[in-house]
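Source: prediction; values computed, not measured. Both backbone and side-chain heavy atoms feed into the values below; hydrogens, waters and symmetry mates do not.
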Amino acid sequence: MIQTRWEQSTDGQRLAIGIIAVNTVVFGLWQIPTMSRFMTKHFLHIPSSGKSYTLFTSTFSHSGGLHFLFNMFGLWSFFGPWQFRGGYTPEHAAAFYLGAAGFSALGSHFSSLVRPFHGSLGASGALFGVFAAYAVDNPHAQVGIVFLPGIRFTLEQLLPALVLFDLAGFLLRWRGLDHAAHLSGVAFGFLYANYGRPLWNQVQRDRMIAKKQ
């Protein structure tokens, strides 16, 4: 049965499963008390630590159960449909996700210059990148919110609302969410969907033309 479900899955769903699996392993390690020091050192990005690799490892890291569940639910809900409808190859989609993760973590890092914090972790910045790119490609697609059952919004309505919320959170210094990472992820997804992807497609077309000549 599992093999059949896997074979019936889209490339985006399979890739999402892989990303979720990595996040699950890292989350599990956080739950082992003897691993706490190791995880804090290598899977939590602390701007003052001088470590650059934690910009990447922290984006696959969740120490709290609700944080982990919400992000993985969002990833599963949007990543597959975005990849399938956008026509991204698995390699292209993976590269985009990693780029969004890195860019959002970098945005969070630089935000510490104006709003110091102890450390950051989580996949929400990358998820916001996927969400923004999906909204650009499918602005009229409708989605619901877990906390508002029965109410649906189009992506072109929901994305600006989320941006305004995170912008207010960043400027007013609300705690509890990494607003800078969210905003950076949205910027990455929006810019790539509008400018990066068309440029990539043009490069690919030029290569094909060159091969035929």
Minimum heavy-atom separation for [X] and [Y], please, with both atom names.
| X | Y | value |
| --- | --- | --- |
| T59 | A105 | CG2-CB, 3.9 Å |
| G129 | A100 | CA-CB, 4.4 Å |
| W76 | Q13 | CZ3-O, 3.6 Å |
| A133 | A193 | CA-CB, 4.0 Å |
| S61 | N23 | N-OD1, 4.1 Å |
| A126 | S104 | N-OG, 3.6 Å |

From [atom1] ([X]) to [atom2] ([Y]), nearest 0.5 Å:
| X | Y | atom1 | atom2 | result |
| --- | --- | --- | --- | --- |
| L121 | D178 | CG | CG | 9.0 Å |
| S77 | M72 | OG | CE | 11.0 Å |
| K51 | L44 | NZ | CG | 9.5 Å |
| S58 | Y53 | OG | OH | 11.0 Å |
| Y97 | I19 | OH | CD1 | 5.0 Å |
| Y88 | F79 | OH | CZ | 10.0 Å |

Review point. Which ILVMFWY residues are connected to L113, directly or by a chain of links, through side-chain heavy atoms under 4.5 Å apart?
Key: L55, L106, F110

Exercise for review: Quick one: sort the H62 and H67 rings into parallel, tilted or perpendicular, breaks at 30° and 60°.
Suggested key: perpendicular

Check your understanding: Is any side-chain heavy atom of F56 closer than 4.5 Å to a side-chain heavy atom of L98?
Key -> yes

**Study point:** Non-hydrogen side-chain atoms of F78 and V143 separated by less than 4.5 Å
**Key:** yes

Review point. Aromatic ring centroids of F188 and F96 under 6.0 Å?
Key: yes

Practice item. State yes or no: are the ring centers of W30 and F27 separated by less than 6.0 Å? Key: no

Revision key, fill the gap. Residues passing the side chain to side chain contact (heavy atoms under 4.5 Å, CB included) test with L191, sequence neighbours excluded, are Y195

Practice item. Scan K41, H42, M35, R37 and name whichever one has a side chain to side chain contact (heavy atoms under 4.5 Å, CB included) with M39. Key: M35

Would a hydrophobic clustering, with Ile, Leu, Val, Met, Phe, Trp and Tyr connected at side-chain separations under 4.5 Å, put [X] with [Y]?
| X | Y | result |
| --- | --- | --- |
| F131 | L69 | yes |
| L183 | L177 | no |
| I20 | Y134 | yes |
| W174 | F170 | no |
| F153 | F128 | yes |

Exercise for review: Report the C-alpha distance between F68 and T24 in whole Å, list the side-chain angles of each, state the deciding distance to 0.1 Å, and finish with yes or no for side chain to side chain contact (heavy atoms under 4.5 Å, CB included).
Suggested key: CA-CA 8 Å; F68 169 75; T24 301; 3.4 Å; yes

Check your understanding: Looking only at atom types and distance, does a side-chain atom of S36 sit under 3.5 Å from a main-chain N or O of P33, one as donor and one as acceptor?
Key -> no

Throw together a table of side-chain donor-acceptor distances under 3.5 angstrom for residues 155-168, partners on residues two or more places apart or in other chains.
unit_1, atom_1, unit_2, atom_2, d
E156, OE2, H140, ND1, 3.3
Q157, OE1, T154, N, 3.1
Q157, OE1, T154, OG1, 3.3
D166, OD1, H179, ND1, 2.7
D166, OD1, H182, ND1, 3.1
D166, OD2, H182, ND1, 3.3

